[in-house]
Amino acid sequence: MTNILVVEDEPQILRALRINLKARSYEVATAERGVDALAAAARHLPDLVLLDLGLPDMDGTDVIHGLRGWTEVPIVVLSGRTEQSEKVRVLDAGADDFVTKPFSMEELLARLRAVQRRRDSAAEPGAPVGAPVVIGPSTVDLLSHTVTRDGSGVRLTRTEWAVLEPLLRHPNQLISIPRLLSEVWGQAVGDGGLLRFHIARLRRKLEADPQHPVHLLTEFGTGYRFVPGRAAVGPAGS
Ligand code: CA
């Protein structure tokens, strides 16, 4: 059974959520204010949090920050605010997904299941990387933590390794900014700008043309993706 904490101050929505979640065998705890949500999370240790952004006593983003101080529980945000910048702000704060009001119950339930599945598979270690990974002119050995480029050793900082490893262990997969932040700094709170800084440094050290990366790719506003392989010989086609 999945324990879910539902944080919502509108009685009708709260009631509908409670009925529908219980019908799907969720164990439901509820809170109507941010301060109660934080207390309830500490008390119930939920498997999943569904969080309304507009609460009477605080902004839902502050609830996310409060939770991310000590737990990696998946958080799905419910909000009437639809701007892209708002979504990015909430995901950067450490939420796992964002559902816009008004929402369909079926879609919301599907998103909750998806977030749980993602979290369950993320909890398993990535495929062990035995063979060295080729990034254009560079070869990265994750076992010995060494990098060679054109026959010479390249030194990466501890943070650069921490950013690079999750990407290399999941080739071709989009790794979201919150997930990368939490892998590197232990919590999904923080500034995507710091990640951009380290990714830029990794490109300078590893990519043939850091200004036009072909292996360490940015998915704008969402995350990063590692595409393996040796760089094509000769000038780039575009
Ligand atoms: Ca509200």
Side-chain angles (χ1 to χ4, degrees), residues 1-120 122 176-182 185 187-193 220-223:
M1 185 174 287
T2 303
N3 294 299
I4 185 167
L5 172 62
V6 180
V7 188
E8 170 63 76
D9 62 314
E10 288 168 58
Q12 280 180 322
I13 297 181
L14 186 59
R15 186 166 164 276
L17 288 170
R18 198 202 316 254
I19 290 168
N20 279 279
L21 289 165
K22 281 194 169 162
R24 267 78 169 187
S25 303
Y26 283 88
E27 179 86 37
V28 183
T30 61
E32 295 175 25
R33 297 187 309 153
V35 63
D36 300 330
L38 292 169
R43 200 166 52 242
H44 296 294
L45 303 177
D47 304 308
L48 197 56
V49 174
L50 180 58
L51 174 68
D52 175 33
L53 222 46
L55 297 171
D57 61 330
M58 62 169 91
D59 190 272
T61 313
D62 294 325
V63 177
I64 300 173
H65 285 303
L67 290 173
R68 284 291 175 255
W70 62 276
T71 174
E72 286 302 308
V73 62
I75 301 172
V76 175
V77 163
L78 265 180
S79 174
R81 307 173 205 167
T82 57
E83 308 88 48
Q84 192 64 27
S85 60
E86 185 65 25
K87 293 185 187 177
V88 169
R89 194 172 71 88
V90 165
L91 294 173
D92 271 353
D96 294 84
D97 203 355
F98 191 105
V99 176
T100 308
K101 289 180 182 174
F103 57 91
S104 100
M105 192 60 73
E106 286 310 314
E107 190 202 341
L108 176 67
L109 292 166
R111 301 277 278 275
L112 292 176
R113 286 194 298 273
V115 160
Q116 265 188 297
R117 265 201 311 276
R118 270 209 307 272
R119 190 53 65 106
D120 290 347
S176 72
I177 291 168
R179 177 165 166 203
L180 209 45
L181 285 170
S182 75
W185 285 283
Q187 48 183 339
V189 177
D191 181 358
F220 182 70
T222 321

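One-based numbering, in listed order, for ligands and for the atoms of each. Along the sequence shown, residues are numbered consecutively beginning with 1.
Here the CG-CG distance, from Leu109 to Leu50, works out to 9.5 Å after rounding to the nearest 0.5 Å. Taken to the nearest 0.5 Å, the CG atom of Leu53 stands 9.0 Å off from the CG atom of Leu78. For the atom pair CZ of Arg81 and CZ of Phe98, the computed distance is 8.0 Å after rounding to the nearest 0.5 Å.
Taking distances strictly below 3.0 Å, the protein N/O/S atoms close to the Ca ion (ligand 1) are Asp9 OD1, Asp52 OD2, Gly54 O.
For Asp62 and Arg33, the salt-bridge test fails: no basic side-chain N is under 4.0 Å from an acidic carboxylate O.
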Would you mind writing out the side-chain donor-acceptor pairs for residues 21-32 within the sub-3.5 Å range, not counting sequence neighbours?
from	atom 1	to	atom 2	distance (Å)
Arg24	NH1	Asn20	OD1	3.3
Arg24	NH2	Glu106	OE2	2.7

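Looking at Thr2 and Gln116, their side chains do bring a donor and an acceptor atom within 3.5 Å of each other.
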